[in-house]
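What follows is a set of notes on a single structure, which appears directly below.
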Amino acid sequence: MKYIFITGGVVSSLGKGLTAGSLGALLECRGLKVCTQKFDPYLNIDPGTMNPSQHGEVYVLDDGTETDLDLGHYERFTSSILSKKNTFTSGQIYASVLQKERNGDYLGKTVQVIPHVTNEIKERIYAAGEDADVVITEIGGTTGDIEGLPFLEALRQIALEREHENVLFVHVTLIPFLKAAGELKTKPTQQSVAKLREIGIQPDVIICRTEIPISDDMRQKISLFCNVPVKSVIEELDLKVSIYELPSLLHFEKLDDIVCEKLHIKAQPCDIQPWENIVEKVKFPKRECTVGLVAKYLDVKDAYKSVYEAIAHSGIQNDCKVNVEVIDAEELEQTDETNEFFNDIDGILLPGGFGNRGIEGKILAAKFAREHCTPYFGLCLGMQIAAIEFARHVLGYDDANSTEMVSETSHPVVHMMLNQRNIKKKGGTMRLGSYPCKLIPGTKAYEAYRSAYVNERHRHRYEFNNDYRQQFEERGMIFAGINPDFDLVEILELRDHPWFIGVQFHPEFRSKPQRSHPLFSAFIAAILKKKGQS
Ligand code: GLN
């Protein structure tokens, strides 16, 4: 097994996850089987309970593991389907050590960071990617953080335990441009590499995130001070058009050659064409449309990361530049001029969410879409909102709601799932992960999927209340997808509407740049059809 360890220097938010994913993509282009894995140094045990406005979206895996959004990058850039073996926090590692200590597994020994915590980390790296050729492990945070030290120590030990040619260290760092001096600066990188070397880690490759190209002199300098060959100083420029340019950019810098050479991997030549095709499509779209994303996390794009990516994928699929205009759900609910918000919008997308904030605005958006024949796509909460709106304005139940918002509503068209009612703990207790959905032939959903059964990822506690099914159906709502085991409504769609679909799951987690999710593609296709551009 070959191991690639990715660390970060100087600042956070360098896009280490994108770099790790892109390196995975490159190695797959060379015919290798890759496994990607992430360790996060924070102490939370359940990333699912972390606030998206601080930490970005919670990404969900097939097996129901709630994770950091970098796992989304890994799944979008590589063909791997990840599981709980691919993601760990310090909290989970420490919890496991403490549990073992309580069980008496350490036989009364003093329990310490080295070796007990570091052993737990190493075990998880060694257990990853049973049938992969290469495991890529990203360490979250920045070199120099106190909480990251046990991870770096574990990596150092792995380098000692495995042959030299089986381990490669990649350090992703920032080369800041100082406007006043008109110069790029390498000192922070030198210092962050010095920190790594202090711990006993000598990076093999330095990936330099930079706004402007780095000169040969600069490469020489980084090489000299950081003790890496010049060719292993890789430039990673800010991406202009799309994140999917990154595999080609790193290939141009010969990253895959360097990695294969150092790890003694005999791989086929790199077939980068599929990634170049994607970038080509992004660069030269034939059409354009605008989707209104009715949201409550306004300044943090990462809070809806996978939704943005799935929209971009459906644009690639439809040869279309899809602009996303964020509409503030709370502002929407405070105005009488709802229609003004949708003047330049071709389709409305309601993402998932929790709690009361902005709910009435979201309901107004669904109403607008239904009444104006505007294509509508509701994800999870977005489906529940569509149901509430329909109950209020078509069935005439003025106070219809989800019991998440108003527990005493007389028309709980969305209510808590039975098996959720006695759960008190918040961490990892929702309906999580992949569940089957049976599609009803003749529906728009079926037409999009072209399949009778699909599996989709879930993350919710509430569901459509089946007591209302008949009344909804009588007035033109179709239940286009049903969970066959528990008879839960998974997809609803309006009969007399060009394209109005709500799904109880999160299709955005299964969309890939080469294979846009069928419902996202159909949503954009419906928008283009309505605009007369199909
Ligand atoms: N808050 C809703 C529920 O728990 C929707 C969740 C979501 O959108 N992910 O059912």
Side-chain angles (χ1 to χ4, degrees), residues 46-53 55-62 64-69 72 293-297 300 302-308 310 329-330 348-363 365-366 376-389 391 400-407 409 412-435 437 456-466 468 481 483 486 488-492 501-511 517 519-520:
D46 300 299
T49 56
M50 294 169 81
N51 189 335
S53 61
H55 206 75
E57 80 177 358
V58 176
Y59 187 78
V60 181
L61 305 179
D62 266 348
T65 307
E66 295 172 287
T67 77
D68 180 85
L69 55 78
L293 180 79
V294 185
K296 71 170 180 181
Y297 300 117
V300 234
D302 277 358
Y304 303 107
K305 187 79 202 162
S306 296
V307 174
Y308 274 95
E330 281 178 286
I348 295 176
L349 194 148
L350 250 80
F354 294 82
N356 246 322
R357 190 155 69 84
I359 285 300
E360 294 303 320
K362 291 181 179 180
I363 292 170
Y376 174 94
F377 194 15
L379 314 177
C380 205
L381 177 67
M383 179 195 103
Q384 300 175 354
I385 293 287
I388 298 167
E389 191 281 318
N401 218 324
S402 161
T403 53
E404 178 181 6
M405 317 306 162
V406 178
S407 54
T409 169
V413 287
V414 175
H415 65 175
M416 192 177 267
M417 288 183 278
L418 260 184
N419 57 1
Q420 286 284 330
R421 295 191 184 170
N422 294 323
I423 296 176
K424 295 277 174 292
K425 283 190 184 160
K426 290 273 182 277
T429 53
M430 285 187 246
R431 181 185 182 210
L432 290 167
S434 194
Y435 285 88
C437 170
E456 292 285 1
R457 295 181 189 176
H458 292 249
R459 181 171 185 258
H460 58 110
R461 282 185 214 285
Y462 296 81
E463 58 167 332
F464 183 82
N465 182 346
N466 280 339
Y468 288 88
N483 173 287
F486 306 104
L488 303 176
V489 171
E490 306 285 37
I491 306 177
L492 48 80
I501 291 188
V503 295
Q504 187 54 81
F505 43 82
H506 289 276
E508 67 272 24
F509 295 147
R510 295 181 74 97
S511 188
H517 188 283
L519 289 177
F520 274 90

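We count ligands from 1, going down the list as the structure has it; atoms in each ligand are counted the same way. In this text the structure is predicted, and so the values were computed from the model without any measurement. FYI, the numbering just counts along the sequence from 1.
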Got an N/O contact under 3.5 Å between [X] and ligand 1?
{"X": "Gly355", "value": "no"}
{"X": "His506", "value": "yes"}
{"X": "Phe354", "value": "no"}

Top protein contact for [atom], by heavy-atom distance:
{"atom": "atom 5 (C) of ligand 1", "value": "Gly353 O, 3.3 Å"}
{"atom": "atom 9 (N) of ligand 1", "value": "Arg459 O, 2.8 Å"}
{"atom": "atom 7 (C) of ligand 1", "value": "Cys380 SG, 3.0 Å"}

Trace of the side chain to side chain contact (heavy atoms under 4.5 Å, CB included) decision for Arg357 with Glu330: CA-CA 7 Å; Arg357 190 155 69 84; Glu330 281 178 286; 2.8 Å; yes
Within this structure, what is the [atom1]-[atom2] distance for the pair [X] and [Y], rounded to the nearest 0.5 Å?
{"X": "His506", "Y": "Leu432", "atom1": "NE2", "atom2": "CG", "value": "9.5 Å"}
{"X": "Leu381", "Y": "Lys362", "atom1": "CG", "atom2": "NZ", "value": "5.0 Å"}
{"X": "Cys380", "Y": "Arg431", "atom1": "SG", "atom2": "CZ", "value": "9.5 Å"}

Between His458 and Glu463, a side-chain donor and acceptor under 3.5 Å: no
Element-labelled atoms of ligand 1 that are located less than 4.0 Å from some non-hydrogen atom of Tyr462: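 Close to Tyr462: 3 (C), 4 (O), 10 (O).
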Under 4.0 Å to a heavy atom of Gly352 - the qualifying atoms of ligand 1, by number: 8 (O)
Side chain His460, main chain Tyr462, donor-acceptor under 3.5 Å: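 Confirmed, His460 side chain pairs with Tyr462 backbone.
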Ligand 1 contact by Gln384, heavy-atom criterion under 4.0 angstrom: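 So Gln384 counts as touching ligand 1.
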Derivation and outcome, ring-ring contact (aromatic ring centres under 6.0 Å, His included), residues Phe520 and Phe377: CA-CA 8 Å; Phe520 274 90; Phe377 194 15; 5.0 Å; yes
From the candidates His460, Glu404, Arg461, the one that places a heavy atom nearest atom 2 (C) of ligand 1: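 Nearest heavy atom to atom 2 (C) of ligand 1 lies in Glu404.
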